[in-house]
Amino acid sequence: MTLNINSQTILNKVPIELVKPKTAVDRSEITRMEKVPTEIFPSIDEGAEYVANCLEEEIKRSQQQNSRFVMALGTGNSLTPVFNELIQRHKKGALSFHNVWVFNAYEFFPLNCDSKNRSINQLRQRFLDHVDIKPEHIFSPDGEMAQDRMLHHCREYEQRIHDCGGLDVALLGIGRIGNVAANEPGSTVTSTTRLILNERTTREEMTLSFGTGEQVPPCSVTMGLATILAARKIFIAAWGEEKAAIIRQTVEGPITDAIPASFLQTHNDTQVVLDISSASRLTRLIHPWLVTSCQWDDKLVRSALVWLCQVTGKPILKLTNKDYNENGLSELLALYGSAYNANIKIFNDLQHTITGWPGGKPNDDDKYRPERAWPFPKRVVVFSPHPDDDVISMGGTLRRLVQQGHDVHVAYQTSGNIAVADEEVARFMHFINGFNQLFGNDEDQVIKNKYKEIKSFLADKQEGDLDTRDVLTIKGLIRRGEARTACTFNNIPLNHVHFLDMPFYESGRIEKKPVGEEDVRIIAELLDSIQPHQIYVAGDLADPHGTHRKCTEAVFAAISAAKKKGAAWLDECRVWMYRGAWAEWEIENIEMCVPMSPEELTAKRYAILKHQSQMESAPFLGNDERLFWQRAEDRNHATAKMYDDLGLACYEAMEAFVEYIPV
């Protein structure tokens, strides 16, 4: 079972020399914009293995010298792969931690004796409880400390680090706003351990990291930047597209207290360790022509010209030889002979991505269309991680596929039950109970008893408590009903609506179980039964709680298995990746773009609004205060504007797709 989504969905085939330069001279050239040494790996596992190798070497060296090894550890999700790798080495007897001393990088405040969300508990669960670090060698700030004693406590924590000989290594993640540990924007380079108020984004990240839904306290006691920068070596681990923007600011941007992680540029032995997704905004990957000579292919040329249009503020067909020369693209003039030739080539490439026939136009020349004319009609499967991602992400395309006569199936991969508020359950239970009283003479004892039981549970439920299986079932039913209503609105037959309820999701928590063979089997059986000509799958890998990523892993694993078995249907099947409420494909990567009229965009909005539980009360709207339909419309408008700004056709809105080639 292949589950390696990071390396499989890289849209530009990144030349290996940009990731792993052959010589020191090559590295110096391609990393000229990077102010912190940065290592990029094809996958998270390879990056985690690299960090673990470095730590193992350092720990064993200290053991040979009969000295203690002092570490500062963060607790975020980015460090879990590294912890897992270290745990495996310990279990195999290859690595002991008997001389390791650990200082927790931060703890929440205020805490009481009943508080469940503790940073040190998370660190124990993910790492400390699985290795042989002595309990007396583990230290953490005290979140229960009285506030009037906190200053003294922080000084004691600093002194304890000093008494241990200082930090040998700090192993930390990085937040989406550039926070390191809990050092928020505004933290100074001279800051030491102290009490700090957490930004809302940081608190949301911490809550997601715990996976319970219980909000973390508003403050943290955190190691300061000066404390962290005093470590002899620092490792920063970051994975996934959601970290790409802040990584670029940290590694290539100016030093500023608005991005606390940027102070790492002042340290003489820091390494930032990334997978390709988190590194995707670094200059050497996104704009390699600015740092080295390139091997130009069509996609890289398109990327360069789109960038040049943005830099000059011109549409493609108005770019001149001077524009190319003044912005470091003279290589393209040599390759194409003139700006005009390059402009025409890329203009036509982008124009050919636009189609009003996402399933292909029958009886028509499809030479320059992104989809084939035949077979027609096509059997289509749209995979939706949650029961509304289909309409949020590609509602206009979905509706058009149906209208153009294709045989469309929608497969909802998870129940989405944790994203339903308790008041929705109460509302539906009131209805069922009232229905029983009015039409059943209050005689259905199952309804009466279950109503009382659930009403009592919700009344006593505390923040962070997990729902009972009955409550989760009701929440799942609510979302099923909404999905069916939206499908009916889009004229999709209900026998073409599939609820897969993949097991990995059913943890009752935000944090999900790993994708397993049963998840992949469910996907594989559906595909074998339908044998589609088109598959649409979520490519939105930056969603805050990771469900999209895992759902897509399962689909790709099922496709890979079908390919290995020689499934005949796969020979005529194309796989298209869409994006959802969180991001859009970069225009240079788009391979199919489906325009929408104002009326079609309104119909898409109506389909999204059928998911009533996900409107104002949806638990995972995040920092963005726009509702899902607003995000979707703004994204579709922005995609259309990108095409318009490049001098292409001007539409009301557009939905974009990238083709996935099974490996």
Side-chain angles (χ1 to χ4, degrees), residues 1-16 18-19 42-43 240-241 275-277 280 285-286 295-303 349-350 352-355 358-360 366-375 378-383 385 393-394 397 401 411 515 520 523-524 526-528 530-541 548-579 583-594 655-663:
M1 186 173 68
T2 304
L3 293 173
N4 193 359
I5 196 169
N6 284 324
S7 61
Q8 289 189 32
T9 58
I10 300 306
L11 305 176
N12 287 317
K13 294 181 179 178
V14 178
I16 189 63
L18 297 180
V19 176
S43 69
E241 294 177 20
D275 65 344
I276 293 181
S277 295
S280 61
L285 297 191
I286 193 171
Q295 295 293 322
W296 293 99
D297 58 19
D298 287 350
K299 190 166 284 188
L300 189 58
V301 174
R302 188 199 294 188
S303 179
D349 284 352
L350 286 169
H352 294 154
T353 66
I354 303 173
T355 181
D366 59 9
K367 180 179 179 180
Y368 295 114
R369 294 183 183 275
E371 254 296 357
R372 309 143 291 165
W374 302 100
K378 290 181 173 67
R379 293 185 298 275
V380 180
V381 177
V382 176
F383 283 103
S393 305
M394 53 172 289
T397 303
L401 286 165
V515 172
V520 177
I523 300 290
L526 179 71
L527 291 176
D528 286 341
I530 298 173
Q531 299 191 3
H533 302 108
Q534 269 192 337
I535 295 172
Y536 290 86
V537 63
D540 187 16
L541 308 182
H548 287 205
R549 178 184 295 271
K550 292 187 176 184
C551 286
T552 304
E553 282 180 348
V555 175
F556 287 170
I559 292 172
S560 177
K563 185 175 181 179
K564 289 177 182 177
K565 292 178 181 178
W569 62 265
L570 198 52
D571 294 337
E572 293 193 12
C573 182
R574 288 190 183 177
V575 183
W576 294 98
M577 297 189 294
Y578 60 78
R579 286 199 166 176
E584 179 60 284
W585 297 117
E586 300 82 4
I587 193 168
E588 60 267 24
N589 291 317
I590 295 171
E591 292 169 308
M592 180 167 71
C593 207
V594 180
E655 292 176 335
F657 302 87
V658 169
E659 187 177 5
Y660 167 73
I661 307 298
V663 295

Contact between [X] and [Y] at the side-chain level, heavy atoms closer than 4.5 Å - yes or no?
X    : Y    : answer
T355 : E371 : no
I559 : V537 : no
F383 : I523 : yes

Take W374 and D366 through the side-chain contact (heavy atoms from CB on, under 4.5 Å) test and state the conclusion after the steps. CA-CA 9 Å; W374 302 100; D366 59 9; 5.6 Å; no

State the SG-CD1 distance between C593 and I587, to the nearest 0.5 angstrom. 7.0 Å

What distance separates D528 CG from L570 CG, expressed to the nearest 0.5 Å? 10.0 Å

Taking G539's backbone N and O only, do any of them form a donor-acceptor pair with T552's side chain (distance below 3.5 Å, no angle check)? no

Ignoring hydrogens, what is the shortest heavy-atom contact between [X] and [Y]? Give both atom names and the distance.
X    : Y    : value
I286 : S280 : CB-O, 3.5 Å
S393 : Y578 : CB-CD1, 3.1 Å
P358 : V594 : CB-CG2, 3.9 Å
C573 : Q534 : SG-N, 4.1 Å
V381 : A411 : CG1-CB, 4.4 Å
I530 : R379 : O-NE, 2.9 Å

Which residues pass the ring-ring contact (aromatic ring centres under 6.0 Å, His included) test with F657, not counting sequence neighbours? Y536

In a check of salt bridge (Lys or Arg N to Asp or Glu O under 4.0 Å) between R579 and each of E584, E241, E655, which one passes? E241

Let's go through E591 and R574 carefully: what are the C-alpha distance in whole Å and the side-chain angles of both, what is the deciding distance for salt bridge (charged side-chain N to carboxylate O under 4.0 Å, His left out) to 0.1 Å, and is it a yes or a no? CA-CA 12 Å; E591 292 169 308; R574 288 190 183 177; over 6 Å; no

Please list, chain by chain and in numerical order, all residues satisfying side chain to side chain contact (heavy atoms under 4.5 Å, CB included) with A567, sequence neighbours excluded. A562, W569

Begin from the C-alpha positions of R302 and T353 and carry the test side-chain contact (heavy atoms from CB on, under 4.5 Å) through to its verdict. CA-CA 12 Å; R302 188 199 294 188; T353 66; 4.0 Å; yes

Pairing residues for R369 by the salt bridge (Lys or Arg N to Asp or Glu O under 4.0 Å) criterion, not counting sequence neighbours: D364

Report the C-alpha separation of I535 and L527 in whole Å, then their side-chain angles, then the decisive distance to 0.1 Å, and conclude whether the side-chain contact (heavy atoms from CB on, under 4.5 Å) test is met. CA-CA 9 Å; I535 295 172; L527 291 176; 3.8 Å; yes

Identify the residue among H533, K378, Q531 that makes a side chain to side chain contact (heavy atoms under 4.5 Å, CB included) with E572. H533

